[in-house]
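Structure, as structure tokens:
None of these values were measured; they are calculated from a predicted model. Numbering of residues begins at 1 and proceeds along the displayed sequence.
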Amino acid sequence: MKIAVTRLEEKSGGTRELFSKYGHDAILVPTMKTEIPDNPASMNEFCRKVSSGKVDFLIFSSTMGVRYFFEQCSNVPDITTIIAVGPRTQEAIVDKGLSCETIPSFSSDHFASHLGSRIIGRTVGIVRPDIPNPELVESLTASGARILEGVAYRLVPTGNDLKQILPDVDAVIFTSGKSFNLSGISVWDAAGKTVIAIGPKTASMMLDHGIVPGITGNGTLEGCLKALDGQSR
């Protein structure tokens with residue numbers, strides 16, 4: 001199958017090879033890209049607290065978060081426990097010469113079960129884009145943590161027109177709710193295509209616009225491809 005993917009261009013390395021492994025062709029159509037925040041004040045304060053050892057747990061949910069954080073913050077004390085979401089984020093942290101704990105995929109439930117009682121009365125720092133995740137914050141707060149957020153980068157439109165690509169592909173994978181929103185795809189545009197949401201939050205956003213995903217993945221592209229492979233058998 002020819003599959004359009006809205007993955008960030010900055011994160012596209014290895015995507016075509018991954019799809020080829022499952023017998024598919026990836027057509028990269030990023031609908032957004034990353035830039036530094038307009039106002040760096042929040043991140044400057046966040047870095048100061050991390051460097052001074054005032055953050056007990058530091059969460060990275062993407063390789064982009066790792067990249068932009070370490071462009072602005074050079075020091076993470078040994079006493080800080082670093083949490084990575086997914087193997088690629090783990091690799092990015094290890095490449096910085098640091099060790100971390102790894103959660104397989106992004107889910108508020110996964111964070112709560114992994115961190116458990118360790119975060120009671122502790123400060124958890126979340127490195128994120130300019131899109132808040134209130135569910136994650138609420139779940140960690142409910143577990144007894146103090147939350148500190150650092151907006152390391154922002155997501156802006158690329159101007160790529162997914163609608164022009166759709167007639168030439170068999171399926172499309174939306175890699176986030178925002179990438180779906182920026183695509184401007186309607187239920188009529190998606191007719192006859194296998195439409196895939198990378199995870200439940202993206203699926204929820206699509207449903208709000210009347211598009212029912214044929215597949216909802218586990219938060220990873222490989223999970224989507226495995227589900228597609230299972231569906232075709």
Side-chain angles (χ1 to χ4, degrees), residues 1-35 60-68 84-92 95 102-107 129 131 153 155-207 209 211-233:
M1 297 176 70
K2 286 187 176 181
I3 305 175
V5 191
T6 64
R7 192 175 203 180
L8 283 172
E9 185 174 348
E10 296 96 326
K11 296 175 68 176
S12 63
T15 301
R16 289 190 174 90
E17 292 79 4
L18 173 63
F19 278 60
S20 179
K21 172 184 168 183
Y22 287 87
H24 305 297
D25 293 327
I27 312 299
L28 297 171
V29 194
T31 58
M32 58 188 182
K33 60 184 178 179
T34 62
E35 291 184 356
F60 292 94
S61 60
S62 71
T63 57
M64 287 295 100
V66 176
R67 170 187 156 185
Y68 280 96
V85 178
R88 294 193 66 176
T89 306
Q90 177 190 25
E91 289 172 11
D95 285 346
T102 304
I103 297 174
S105 61
F106 197 101
S107 161
I131 302 175
Y153 61 100
L155 297 164
V156 298
T158 61
N160 290 330
D161 190 350
L162 181 58
K163 291 183 182 182
Q164 289 187 343
I165 304 296
L166 277 182
D168 300 320
V169 301
D170 306 296
V172 55
I173 298 178
F174 291 102
T175 55
S176 69
K178 183 162 185 174
S179 74
F180 167 75
N181 274 340
L182 289 174
S183 74
I185 296 300
S186 71
V187 65
W188 297 279
D189 297 319
K193 307 296 177 183
T194 299
V195 183
I196 302 169
I198 196 166
K201 290 190 71 174
T202 303
S204 177
M205 182 72 71
M206 293 164 67
L207 288 167
H209 288 77
I211 296 179
V212 180
I215 291 172
T216 298
N218 64 352
T220 68
L221 281 179
E222 187 155 22
C224 293
L225 294 171
K226 286 179 178 178
L228 182 61
D229 188 42
Q231 188 182 77
S232 63
R233 290 182 180 178

Query raised in the report: Going through the distances and angles, do Val156 and Lys33 end up as a side chain to side chain contact (heavy atoms under 4.5 Å, CB included)?
Result: CA-CA 5 Å; Val156 298; Lys33 60 184 178 179; 3.6 Å; yes
Report task. Could you tell me which residues satisfy salt bridge (charged side-chain N to carboxylate O under 4.0 Å, His left out) with Arg7, sequence neighbours excluded, listed by chain and number? Result -> none
**Report entry** CA sep, side-chain torsions, deciding dist, call: Tyr68, Thr34, side chain to side chain contact (heavy atoms under 4.5 Å, CB included)
**Finding:** CA-CA 10 Å; Tyr68 280 96; Thr34 62; 2.8 Å; yes
Report task. Sequence neighbours left out, what passes side chain to side chain donor-acceptor pair (under 3.5 Å) with Asn181? Give chain and number order. Result -> none
**Report entry** Side-chain donor or acceptor of Lys201 paired with backbone N/O of Gly177 under 3.5 Å
**Finding:** no
Query - Donor on one side chain, acceptor on other, Ser62 and Tyr153, under 3.5 Å - result: yes
Query raised in the report: Does Pro200 offer a backbone N or O that forms a donor-acceptor pair with the side chain of Thr216 under 3.5 Å?
Result: no
Query - Contacts of type side-chain contact (heavy atoms from CB on, under 4.5 Å), residue Thr63, not counting sequence neighbours - result: Lys11, Arg88, Thr89, Ala92
Report summary line: Tightest non-hydrogen contact, residues Pro213 and Leu207, listed as CD-CD2, 4.0 Å
Report task. Identify the heavy atoms of Ile173 and Cys224 that sit nearest to each other, and give their distance. Result -> CD1-CB, 4.2 Å
Requested in this report: Sequence neighbours left out, what passes side-chain contact (heavy atoms from CB on, under 4.5 Å) with Asp189? Give chain and number order.
Outcome: Lys163, Leu166, Ile185, Ser186
Requested in this report: Assess whether atom CD of Glu9 is packed by more than 12 heavy atoms of other residues, nucleotides or ligands within 6.0 Å.
Outcome: no
Report summary line: Here the pair of heavy atoms bringing Leu162 nearest to Phe174 is CD2-CE2, 3.6 Å
Requested in this report: Keeping the roles fixed (side chain from Thr31, backbone from Ser179), state whether a donor-acceptor pair exists under 3.5 Å.
Outcome: yes
Query raised in the report: Crowded around Lys193 NZ? As in, over 12 foreign heavy atoms under 6.0 Å?
Result: yes
**Report entry** Glu35: salt bridge (charged side-chain N to carboxylate O under 4.0 Å, His left out) partners, not counting sequence neighbours
**Finding:** Arg154
Query raised in the report: Under 4.5 Å between any side-chain heavy atoms of Leu8 and Met64, yes or no?
Result: yes
**Report entry** Interatomic distance, Ser183 atom OG to Asp161 atom CG [nearest 0.5 angstrom]
**Finding:** 9.5 Å
Requested in this report: Tell me, with the steps shown, if Thr6 and Thr175 meet side-chain hydrogen bond (donor to acceptor under 3.5 Å, both in side chains).
Outcome: CA-CA 6 Å; Thr6 64; Thr175 55; 3.1 Å; yes
Query raised in the report: Does the pair Ile3 and Val169 meet the rule for a side chain to side chain contact (heavy atoms under 4.5 Å, CB included), with working shown?
Result: CA-CA 6 Å; Ile3 305 175; Val169 301; over 6 Å; no
Distance-only check: which donor-acceptor pairs under 3.5 Å involve side-chain atoms of residues 19-30, not counting sequence neighbours?
{"from": "Lys21", "atom 1": "NZ", "to": "Glu222", "atom 2": "OE2", "distance (Å)": "3.1"}
{"from": "Tyr22", "atom 1": "OH", "to": "Glu222", "atom 2": "OE2", "distance (Å)": "2.7"}
{"from": "His24", "atom 1": "ND1", "to": "Met1", "atom 2": "N", "distance (Å)": "3.2"}
{"from": "His24", "atom 1": "NE2", "to": "Tyr22", "atom 2": "O", "distance (Å)": "3.4"}

**Report entry** Positive for side-chain contact (heavy atoms from CB on, under 4.5 Å) with Leu225, one of Ile215, Leu18, Thr220
**Finding:** Leu18
Query - Closest non-hydrogen atom pair, Asn218 against Gly223 - result: OD1-CA, 3.5 Å
